[in-house]
Amino acid sequence: MNLYEIDKEILNLIDEETGEISDWGAFEQLQMERERKIKNVALWVKNLTAEAEACKKEKLMFNRRQRSCESKIESLKMWLNEALEGKNYKSDDGKATVQFRKTTSVSITDDAILPTVYLRYKDPEPDKEALKEALKAGARIEGVTLEPGVSVIVK
């Protein structure tokens, strides 16, 4: 039985006119079942929270590992460049090939003096904290309201 059904059964045991409970045994049984369901859902939330935290830590570890590998790759590529002095290389068994290609890149020494035509801007994003403070202080901002809510904390 789900929580909705339990609540419905509890309401069926209560007389609407008098508020009296018709079957105390069944009422107590349903209350215990309801309590068990709520406890199980809260424990499930705790487990999922712990799992999400573990995933976050794993992600951070993999990000560090990825950056380390990428840094090592760049270091080894520089070493190959120095060792081969810009000459292409192919191993005897064909398993490794090193090639060099000429490239060009843009180097900016002072981006403050660039004409605006050469600048890109991200889409603007509302500053919700500033909006919240302004609304709490009595400001009226069209299209913005404070919405009351409830935060559920499971420990």
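Predicted, not measured: the structure shown is a model, and the values here were computed from it. For the single chain, residues carry numbers from 1 onward in sequence order. Atom set for the values below is all heavy atoms of this structure, side chains included, hydrogens, waters and symmetry mates excluded.
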Side-chain heavy atoms of Glu20 within contact of Ile14, under 4.5 Å: no
Would you compute the distance between atom CG of Leu48 and atom CD of Glu51 and round it to the nearest 0.5 angstrom? 6.0 Å
Quick check: does any side chain N or O of Lys8 sit under 3.5 Å from a backbone N or O of Leu3, one acting as donor and the other as acceptor? no
To the nearest 0.5 Å, what is the distance between CH2 on Trp24 and CD on Gln31? 9.0 Å
To the nearest 0.5 Å, tell me how far Asp110 CG sits from Ile113 CD1. 4.5 Å
Note, Thr49 side chain near Val45 side chain (heavy atom, < 4.5 Å): yes
To the nearest 0.5 angstrom, please state how far the CZ atom of Arg65 sits from the CD atom of Glu58. 9.5 Å
For Lys90, does its backbone N or O pair with a side-chain atom of Thr97 as donor and acceptor, under 3.5 Å? no
Any chance you could measure Leu80, atom CG, to Glu85, atom CD, to the nearest 0.5 Å? 12.5 Å
Name the one of Asp7, Asn2, Ile6 that satisfies side-chain contact (heavy atoms from CB on, under 4.5 Å) with Tyr4? Asn2
Under the 3.5 angstrom rule, does the side chain of Glu74 hit a backbone N or O of Ser71 as a donor-acceptor pair? no
Closest contact, heavy atoms only, Phe100 versus Asn81: CE2-OD1, 3.3 Å
Can you tell me if Ser68 and Glu70 form a side-chain donor-acceptor pair at under 3.5 Å? no
Determine whether Thr145 and Glu147 satisfy the following criterion, side chain to side chain donor-acceptor pair (under 3.5 Å), listing intermediate values before the conclusion. CA-CA 6 Å; Thr145 59; Glu147 301 275 334; 3.2 Å; yes
Arg36 and Glu33 ion-paired at < 4.0 Å: yes
Find the distance between CG (Leu13) and CG (Leu30) and round it off to the nearest 0.5 Å. 6.0 Å
In one Ile/Leu/Val/Met/Phe/Trp/Tyr side-chain cluster, 4.5 Å: Met78, Ile73: no
